S.K.: 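I'd like to ask some things about the structure below.
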Amino acid sequence: MLDLKFIRENLEVVKQAIVNKREKVDLDKLVALDLQRRDLLQEVEKLKQERNRVSQEIGKLKKAGEVADQQIAEMGTVANRVKDLDIEVRRVEAEIRDIQVWIPNIPHESTPIGTTEDDNKGIRTWGEPTEMDFKPKPHWEIGENLGIIDLARGAKVSGSGFVTYTGLGARLERALINWMLDLHTEKHGYREISPPFIVNRESMFATGQLPKLEDDMYLAQTDDLFLIPTAEVPVTNLHRDDVLQAGDLPIKYTAYTPCFRREAGAHGKDTRGLIRVHQFDKVEMVKFVKPETSYDELETLLSEAEEVLQMLELPYRVLQLCTGDLSFAAAKCYDIEVWAPGLDKWLEVSSCSNYESFQARRGNIRFRNEAGKMDFVHTLNGSGLALPRTVIAILETYQTDEGTVVVPEVLRKYLGRDLLK
RNA sequence: GGAGAGGUGGCCGAGCGGCUGAAGGCACAGGUUUGCUAAACCUGCGUAGGGGCAACUCUACCGAGGGUUCGAAUCCCUCCCUCUCCGCCA
């Protein structure tokens, strides 16, 4: 969320951000309401001041044993007027908020202006798309043949877009999760978190999923709780309403969670196999940092996510998202796309974003800076990594012409095998 | 789900309907003393929103929302959360 005063003083910047992010918000109405609010405040606060002053007089008079009937009658009238104005102020403030919560974060100045993913900017490529001396199979064929992925039974049990991993497929998931968590905790210095997978409305609002993305989320209606779309939500909300100490920053958490996404309206595109599913596993990294360090922290975060692919020896490329592809809450975001030879495609396996103070304002996550003043932290998060597409890349890259899959070196210890057959 | 206790500033903790934005302590910042560390003493120190060029000033905030009252941290109602006991249960 953006600060009201900031919006007031940087109206054109905010308007441009809304256009660039392809959102629609009636800022002029917001400005008018803000003006109205301040007029009302001045009026009601003046009345409150008088009420406070006279009420004190009444107290003194009564203590002195004198009558104060006249003052009491006068303040009765003032009290009624205050009550009416307070209601009006609350109404106007609610209207302001209803607009304010739909204003997206402002893209960082380095963000390319653009409308679709085609306008994203290539940053670097690591490795070369793998050349095979046979025609590589898509992962769903490899997986079904090896008996490690069962799409049909996932669909029977839950519906399309739900996968069941069986045997070594299930173990591969577990191996990847354990290996990634070990990497981030032991080498990168993150603290491991195992958070709730179901969260309340306040949490979904703080990280920016609500109100915009409500239709993409699974909702347990009876209790008004949401299945998390990413560990970012519960882990960032760990510090909602907290005041952190400057000395404690940066705080770095990593968490494995399943992620649940309805993907309303996304049907029809890239839905085959594991490419786009309603439930998937992910290891996430989340950071709470001082504002002046957040862009350096973003680069570190990105390199830690890249390291996962480097250790798996999977070719990938890094893109910086353009304004039109940047999410509602993000100021700057890099995507990492891994090469999938069977699909002959790049697949997004990680998104690393800096939200600056956008989420911190919504969630009231503050810290006391060196000068002793309260300030909002900056929050960041990045996937490290999303599992299904990592599995796709592993199966398709390490497949042999015999239909087996060589296990990447770093996973052998975790999987207890060096070949899937 | 039932019964009881409780939710006060960054933290702990006091608080008769008016003189309480809130005692006291801790933490933090500055200063004095000190060979260093430590300690002692002094001073300062909530958040947010208005108004003012500014010094400053006003308003709100004691879990949330209502109510009573000229006036509510304090009284009443509803809800949320935490703890203890009971029930149910992996």
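First the proteins, then the strands, lettered A, B, ... as listed; each starts at 1. Model, not experiment: these values are computed from the prediction.
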S.K.: When the side chains of residues 99-106 of chain A are checked against the rest of the protein, which donor-acceptor pairs come out under 3.5 Å, sequence neighbours left out?
M.R.:
| residue | atom | partner | partner atom | Å |
| --- | --- | --- | --- | --- |
| A:Q100 | NE2 | A:L2 | O | 3.0 |
| A:N105 | ND2 | A:A329 | O | 3.0 |
| A:N105 | ND2 | A:Y355 | O | 3.2 |

S.K.: What one-letter contact string describes nucleotides 23-30 of chain B from 5' to 3', where B marks a base within less than 4.0 Å of any protein heavy atom, S marks contact via sugar-phosphate atoms alone, and - marks no contact?
M.R.: --------
S.K.: Which whole-number value in Å describes the distance from A:K48 NZ to B:rG51 C1'?
M.R.: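 A:K48 atom NZ is separated from B:rG51 atom C1' by 16 Å.
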S.K.: State which residues pass salt bridge (charged side-chain N to carboxylate O under 4.0 Å, His left out) with A:E214; sequence neighbours excluded, sorted by chain then number.
M.R.: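 With sequence neighbours excluded, A:E214 shows a salt bridge (charged side-chain N to carboxylate O under 4.0 Å, His left out) to A:R201, given in chain and number order.
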S.K.: Mind checking salt bridge (charged side-chain N to carboxylate O under 4.0 Å, His left out) for A:R368 and listing every partner two or more places apart, or none if nothing turns up?
M.R.: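 In terms of salt bridge (charged side-chain N to carboxylate O under 4.0 Å, His left out), with neighbours along the sequence ignored, A:R368 is linked to no residue.
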S.K.: Under 3.5 Å for both distances, Watson-Crick or G-U wobble, that's the pair rule; now give the dot-bracket for RNA chain B, with | marking pairs to another strand and [ ] for crossing ones.
M.R.: ((((((((.[[[..)..(.....]]].(((((.......))))).((((((....)))))).[[[[[..)....]]]]])))))))....
S.K.: Run the salt bridge (charged side-chain N to carboxylate O under 4.0 Å, His left out) test against A:E313 and tell me which residues pass, sequence neighbours left out.
M.R.: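 Partners of A:E313 under the salt bridge (charged side-chain N to carboxylate O under 4.0 Å, His left out) test: none.
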S.K.: With sequence neighbours left out, which residue pairs that include part of residues 92-102 of chain A fulfil the salt bridge (charged side-chain N to carboxylate O under 4.0 Å, His left out) condition?
M.R.: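 Listed by first then second residue: A:K29-A:E95, A:R37-A:E93, A:R91-A:E95.
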S.K.: A:R201 near the nucleic acid: base, sugar-phosphate alone, or nothing, with a heavy-atom cut-off under 4.0 Å?
M.R.: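 No contact at all - A:R201 keeps every heavy atom at 4.0 Å or more from the nucleic acid.
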S.K.: Looking at RNA chain B, which of residues 34-42 of chain A put a heavy atom within less than 4.0 Å of it?
M.R.: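 Per residue number, the list reads A:R37, A:R38, A:L41, A:Q42.
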S.K.: Just how far, in rounded Å, is C1' of B:rG49 from CD of A:E9?
M.R.: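 Answer to the nearest Å: 14 Å.
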S.K.: For A:R412, give me all partners under side chain to side chain donor-acceptor pair (under 3.5 Å), at least two apart in sequence or on another chain.
M.R.: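 By the side chain to side chain donor-acceptor pair (under 3.5 Å) rule, A:R412 matches A:E409.
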S.K.: Applying side chain to side chain contact (heavy atoms under 4.5 Å, CB included), name anything that partners A:E202, two or more places apart in sequence or on another chain.
M.R.: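 For A:E202, the residues satisfying side chain to side chain contact (heavy atoms under 4.5 Å, CB included) (neighbours in sequence not counted) are A:N200, A:R240.
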S.K.: Is A:R53 near enough to B:rU59 that one of its side-chain N or O atoms lies under 4.0 angstrom from OP1 or OP2?
M.R.: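 Negative; the distance criterion is not met.
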S.K.: Assign a letter to each nucleotide of nucleotides 65-76 of chain B from its 5' end: B, base within under 4.0 Å of a protein heavy atom; S, sugar-phosphate only; -, no contact.
M.R.: -S-S-BS-----
S.K.: My understanding is that only residues two or more places apart in sequence, or in another chain, count here; which of them pass salt bridge (charged side-chain N to carboxylate O under 4.0 Å, His left out) with A:E337?
M.R.: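 Residues passing salt bridge (charged side-chain N to carboxylate O under 4.0 Å, His left out) with A:E337: A:R317.
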